[in-house]
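Here the structure comes first, spelled out in structure tokens, and everything after it is commentary.
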Amino acid sequence: MGVLTAAELNFLVFRYLQESGFIHAAFTLGYEAGIHKGGIDGNAVPPGALITIVQKGLQYIELEANTEENDEEIEKDFALLEPIEIITKDVEELQQLVKKRKRERSQTDREKDRGKEKERNEEHERRPGGERERDRHDKEKEQVREKDKSEKDREHEKEKEKEKQHTERIDKIKHDEDSLAGGGPTPMDVSVTAQEISSTDVTVLEGHSSEVFACAWSPTGSLLASGSGDSTARIWTIPDGPCGSNMQSSPPGVHVLKHFKGRTNEKSKDVTTLDWNGEGTLLATGSYDGQARIWSRDGELKQTLFKHKGPIFSLKWNKKGDYLLSGSVDKTAIVWDTKTWECKQQFEFHSAPTLDVDWRNNNSFATCSTDSMIYVCKIGEQRPVKSFIGHQSEVNAIKWDPTGSFLASCSDDVTAKIWSMKQDKCVFDFKEHTKEIYTIRWSPTGPGTNNPNQQLLLASASFDSTIKLWEVEQGRLLYSLSGHRQPVYSVAFSPDGEYLASGSLDQCLHIWSVKEGRILKTYRGTGGIFEVCWNKEGSKIAACFSNNTVCVMDFRM
């Protein structure tokens, strides 16, 4: 197995600090360790690599504990694996690789042995008869020993198979008991009939030179915006016709929205969030430099909003379009008046970075933070109109339902909660995830939507690789969608509420039937997926990747 160098370890820690939002710590480490001089291609390192290595270390120990051979054999096995394989593959894949390479090694050894045997035979022919007889006797004894060893190995394999079957039966019984105890439909398995979306049916938008963190369709046209770690946002014009490399005579038009002057390597200007206004005439972008920028649909910079003292992580227009809301690492939220582009009001209630903001209506909104608090605020009020206390760790995302009646939240405390303005305690507390929940989305269904006859649902996406669909009238789990193999960063409902798109670090975009809880279509890219989104007609899906690209594909059933 290859050895991880100090420079590589420094880079992994640097990336971990960046991804976790510790910008100042990352900058200091990068400067002192000379990260930029290391010659390491950041695009080749998958997101979350340091965490993955630690997890793989634990899996290595687990594999060691479950290997019946001696220490020398274990070391030989792991010498067959490369570091990149240990980072990117799970235990089962690693075991298969080890088995395959052991077979190849055994075959090579056998060929060597046959060569030696041939030499010995030739030597025997030259020897006196007594020596040949003694060698034949020794060989027969060796064959008996080999036969005994093979029989023991077969018995051992039988025992292991029995033990495996026994464990699987127990796991199935436990799973069935859990399903019965939970009530409602059993979470469904991935459909084996999921249709693979071919890469020839996908339009790949190239031009960014770093990870693409955010993407959003214009609500009124065929424009797609993307924001990247290369300090630019881009506005792409997507043709109405079919997507795919063979279908387009010319590449989509693009406007490059530069967040820097001169040098292009200013990491402090990473574009972290973006949002179109309701008319699709203006695009707002938020950046690590603490500035919000307003752009025309043609890519012209209209305004730069200065007041935040730290990176902006969330940016939202209200429905009317007369206010823009921003949330920052500086612990505050700011409402900007879009007529004058001045700060209407700054809300300083949190004791730690503000991670997400969301409008309830045109005048009130909610904020959440790493301080585990959620505040509902109103323009003109100097104190929160409501405080929601209940999460035990940082709250990653908040979303109001389509009518503004309920607020959903998700947290590193492994729970998602639903809150009402009518009470202090949460209405529902969903605890079925086993790792941090990164994001949540309401379905565009139920009262007050274009799909009033469909029930309102909530989707939660987690680092446990699952998405869970919740029915919120009774607060029960409808489906557990378990088709991904790594953390799920983004989910998005189709405009008609019938389908759900999901994107994960496992490089897969899945499209699920909400009604059936199964995968209908899937696309495998070549990088982790940070965000997925549907166009307003529900006919195209976009996804942004860690390999610097944005992909667009058609959706038809």
Side-chain angles (χ1 to χ4, degrees), residues 17-26 213-214 216 227 268-275 284-294 304-318 323-337 343-361 363-400 407-413 415-417 419 436-441 489 530-531:
L17 291 171
Q18 272 193 331
E19 290 165 2
S20 302
F22 303 122
I23 311 307
H24 299 299
F213 296 121
S268 66
K269 298 186 187 299
D270 287 10
V271 179
T272 53
T273 182
L274 41 78
D275 193 40
T285 61
S287 169
Y288 264 125
D289 64 6
Q291 297 172 22
R293 293 171 174 83
I294 312 300
T304 303
L305 310 179
F306 305 89
K307 196 167 178 65
H308 282 300
K309 302 279 196 297
I312 295 173
F313 278 168
S314 187
L315 201 59
K316 303 277 176 64
W317 298 84
N318 68 351
Y323 292 126
L324 178 69
L325 174 64
S326 57
S328 167
V329 170
D330 68 9
K331 310 175 189 177
T332 75
I334 294 177
V335 172
W336 307 88
D337 186 327
C343 169
K344 173 78 174 175
Q345 188 174 348
Q346 187 166 20
F347 297 82
E348 305 181 51
F349 304 145
H350 287 293
S351 60
T354 305
L355 295 182
D356 199 13
V357 295
D358 197 46
W359 289 98
R360 184 186 184 207
N361 51 41
N363 297 299
S364 65
F365 58 91
T367 65
C368 68
S369 164
T370 59
D371 64 9
S372 78
M373 292 294 296
I374 300 167
Y375 294 119
V376 182
C377 310
K378 189 174 181 180
I379 296 172
E381 297 288 337
Q382 301 305 310
R383 296 300 308 155
V385 296
K386 193 79 175 174
S387 301
F388 292 131
I389 305 169
H391 280 297
Q392 303 301 310
S393 187
E394 55 192 67
V395 184
N396 295 315
I398 45 174
K399 291 286 176 293
W400 290 100
L407 180 72
S409 61
C410 65
S411 168
D412 279 3
D413 68 9
T415 73
K417 302 182 194 294
W419 312 84
E436 300 95 324
I437 306 173
Y438 188 74
T439 193
I440 43 176
R441 284 290 185 279
Y489 268 172
F530 290 118
E531 188 160 26

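All of these numbers come straight from a predicted model, not from anything done at the bench. Along the sequence shown, the residues carry numbers beginning at 1.
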*Calculate, to the nearest 0.5 Å, the distance between atoms CG and CG belonging to Asp358 and Asn318 respectively.*
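Reported value, rounded in 0.5 Å steps: 11.5 Å.
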
*Can you measure from CG (Leu274) to OG (Ser287) and round to the nearest 0.5 angstrom?*
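It comes to 11.5 Å.
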
_Steps toward side-chain contact (heavy atoms from CB on, under 4.5 Å) verdict (Val395, Leu355)_ = CA-CA 7 Å; Val395 184; Leu355 295 182; over 6 Å; no

With sequence neighbours excluded, residues passing side-chain contact (heavy atoms from CB on, under 4.5 Å) with [X]:
| X | result |
| --- | --- |
| Ser364 | Arg360, Asn361, Lys378 |
| Thr304 | Gln291, Arg293, Leu301, Phe306 |
| Lys307 | Ile334, Trp336, Cys343, Gln346 |
| Ala284 | Ile294, Leu315, Trp317, Leu324 |

*Do the rings of Tyr288 and Phe313 sit parallel, tilted or perpendicular, given the 30° and 60° boundaries?*
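Perpendicular.
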
*Is there a donor-acceptor pair under 3.5 Å between the side chain of Ser328 and the backbone N or O of Pro311?*
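Checking the backbone N and O of Pro311 against the side chain of Ser328, a donor-acceptor pair under 3.5 Å is found.
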
Minimal non-hydrogen separation, [X] against [Y], with atom names:
| X | Y | answer |
| --- | --- | --- |
| His391 | Asp413 | ND1-OD2, 3.0 Å |
| Tyr375 | His350 | CD1-CE1, 3.3 Å |
| Lys331 | Pro353 | CG-N, 4.0 Å |
| Thr439 | Ala397 | CA-CB, 4.2 Å |
| Ser387 | Met373 | CB-CE, 4.3 Å |

*Will you find, in the side chains of Asp356 and Asn396, an N or O donor that is under 3.5 Å from an N or O acceptor?*
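Result is no, nothing qualifies.
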
*Are His308 and Ser326 close enough that a side-chain donor and a side-chain acceptor fall under 3.5 Å?*
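Ser326 and His308 do have a side-chain donor-acceptor pair below 3.5 Å.
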
_Holding to salt bridge (Lys or Arg N to Asp or Glu O under 4.0 Å), I want the full list of residues that pass it with Lys386, two or more places apart in sequence or in another chain._
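Residues passing salt bridge (Lys or Arg N to Asp or Glu O under 4.0 Å) with Lys386: Asp424.
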
*Sequence neighbours left out, what passes salt bridge (Lys or Arg N to Asp or Glu O under 4.0 Å) with Asp275? Give chain and number order.*
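Listed in chain order: nothing, the list is empty.
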
